[in-house]
There are 2 protein chains.
Amino acid sequence: MNVSHSRSAEPASGGARRRSEDTRSAILAVARERFATDGYDRATIRAIAKDARIDPSMVMRYYGNKEGLFAAAVSVDLSMPDLAALPRADAGQALVTHFLGMWEENEVLTALLRVGVTNSAGAERMQSVFRDQLVPVARAVCPDPEQAAARAGLCAAQLLGLALTRYVLRFPPAVGLAREEIVAWLAPTLQRYLTAPSP
Amino acid sequence: MNVSHSRSAEPASGGARRRSEDTRSAILAVARERFATDGYDRATIRAIAKDARIDPSMVMRYYGNKEGLFAAAVSVDLSMPDLAALPRADAGQALVTHFLGMWEENEVLTALLRVGVTNSAGAERMQSVFRDQLVPVARAVCPDPEQAAARAGLCAAQLLGLALTRYVLRFPPAVGLAREEIVAWLAPTLQRYLTAPSP
DNA sequence: TCCGGTTGCCAACACTCGTTGGCCAACGTC
DNA sequence: GACGTTGGCCAACGAGTGTTGGCAACCGGA
């Protein structure tokens, strides 16, 4: 509650930056790791604080409570490419490639998936990412915009399923596939979900 | 440890069945529900015992510890159909249809998925179900048996992704799809993953 | 030099968890 | 009727949780 955000626009470079900014971001970094590997419940405030080499009470002072920490740690920007600017037939391939890059870039998406499965706040956040960032892209490519949500849902199912088996459950066959193989297999699927006439 | 299994072949019908058998199975039933809706950590022994209207210590006496309860509650038999007995071109459709039935039949698969994401024992169990029940079926259909595991992995990604978005995360578009629509969309995908020449 | 805010740690609270051991009542068998 | 077995509850332990308040050290501006 009494977290003070009352600083006016820090100079980004040179100036004597407050130490707290470093610890704040250090907390976020280790929190992301913990949420990604342990899920919400097992990612305890104490464990996160220990990783960040500070006292658990600091986490509370900076982020209010555990929910606040999670909200701050896991904010997803898929930075989706504009599929409408591509040749229509390349949409599927562009989508898989982009997603694979996002998943391997950092652990935020893994954290979100692990938490979303057991924690309702996490699930809602996943849903908002889907609604605000994936569906609009589908709307730009789909033949009938009214079907955009359903088609985006099918794409999400395929992409999240791959992420689940590969990055979370670590099924050996899913882990063993090379990126190009995944793209080659999934691109036609997504292409069909996005642009094929509904069956 | 001192759980006594030392009874000799009960008469299955009519006879005065031990009360304990009823409570044992009642525990399993509510445990499945709890694991399915709450995941491993939040499905506490106390909550399960309360649902079953017994004392938490009874759960311990019957199943040793929480791990043992989970192992007993979540045992999955996919009872896969013999895809080799079907026309080759129907494999994909048969697979989706069968899976949708399994997921909606009871909550065991939901429980397994929710637990597998955050609990390592659950993840290993998922892996063994995949390896022992799905891969063999793929092996019977795939052109090259050496690729069976990889192709089964792709199918698992698609099927688990659908289950994730529809039964766990409850994305509205995934929930809104009718069963026939899902079959129509996914069957060609699985068919390709199973039988198409590798790209 | 002083002084107010910032940064941090420590100790504790209230709670829940899995787990244990003892006690009690009912029951079937001799 | 005595007795061991079985099914069940109660009370407690020890560990771990999120969370809180107080207190010491530091630092920058007056």
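Numbered from 1 within each chain, the chains take letters A, B, ... in sequence-line order.
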For [X], what residues pass the side-chain hydrogen bond (donor to acceptor under 3.5 Å, both in side chains) criterion, not counting sequence neighbours?
| X | answer |
| --- | --- |
| A:Gln147 | A:Arg151, A:Ser198 |
| A:Asp55 | A:Ser57 |
| A:Arg139 | none |
| A:Ser128 | none |

Under the salt bridge (Lys or Arg N to Asp or Glu O under 4.0 Å) test, residues paired with A:Glu104 that sit two or more places apart = A:Arg166, A:Arg179
Who pairs with B:Asp51 by salt bridge (Lys or Arg N to Asp or Glu O under 4.0 Å), at least two apart in sequence or on another chain?
-> B:Arg34
Could you pull out all donor-acceptor pairs under 3.5 Å where a side-chain atom in residues 111-121 of chain B meets a protein atom, sequence neighbours excluded?
unit_1, atom_1, unit_2, atom_2, d
B:Arg114, NE, A:Val117, O, 2.7
B:Arg114, NH1, B:Ala36, O, 2.5
B:Arg114, NH2, B:Val168, O, 3.3
B:Asn119, OD1, B:Ala121, N, 3.0
B:Asn119, OD1, B:Gly122, N, 2.9

For the helix from C:dT1-D:dA30 to C:dC30-D:dG1, measure the angle between the helix axis at one end and the axis at the other, each built from five pairs, rounding to 10°.
-> 20°
Between A:Ser57 and D:dT19, does any side-chain N or O lie under 4.0 Å from OP1 or OP2?
-> no
Minimum-distance nucleotide (side-chain atoms of B:Arg61 versus C:dG8, D:dG8, D:dG18) = D:dG8
Out of D:dT19, C:dT7, C:dT19, minimum distance to the side chain of A:Met58 belongs to C:dT7
Please name all residues satisfying side chain to side chain contact (heavy atoms under 4.5 Å, CB included) with A:Pro81, sequence neighbours left out, ordered by chain then number.
-> A:Leu83, A:His98
Taking side chain to side chain contact (heavy atoms under 4.5 Å, CB included) as the test, write out the residues that go with B:Thr189, two or more places apart.
-> A:Gln158, A:Thr189, A:Arg192, A:Tyr193, B:Gln158, B:Tyr193
Between protein and nucleotides 24-29 of chain C, map the contacts as a letter string: B base, S sugar-phosphate only, - none, heavy atoms under 4.0 Å, written 5' to 3'.
-> ------
Can you sort out which residues in residues 36-55 of chain A have a heavy atom within less than 4.0 Å of DNA chain D? Ascending by number, please.
-> A:Thr44, A:Ile45, A:Arg46
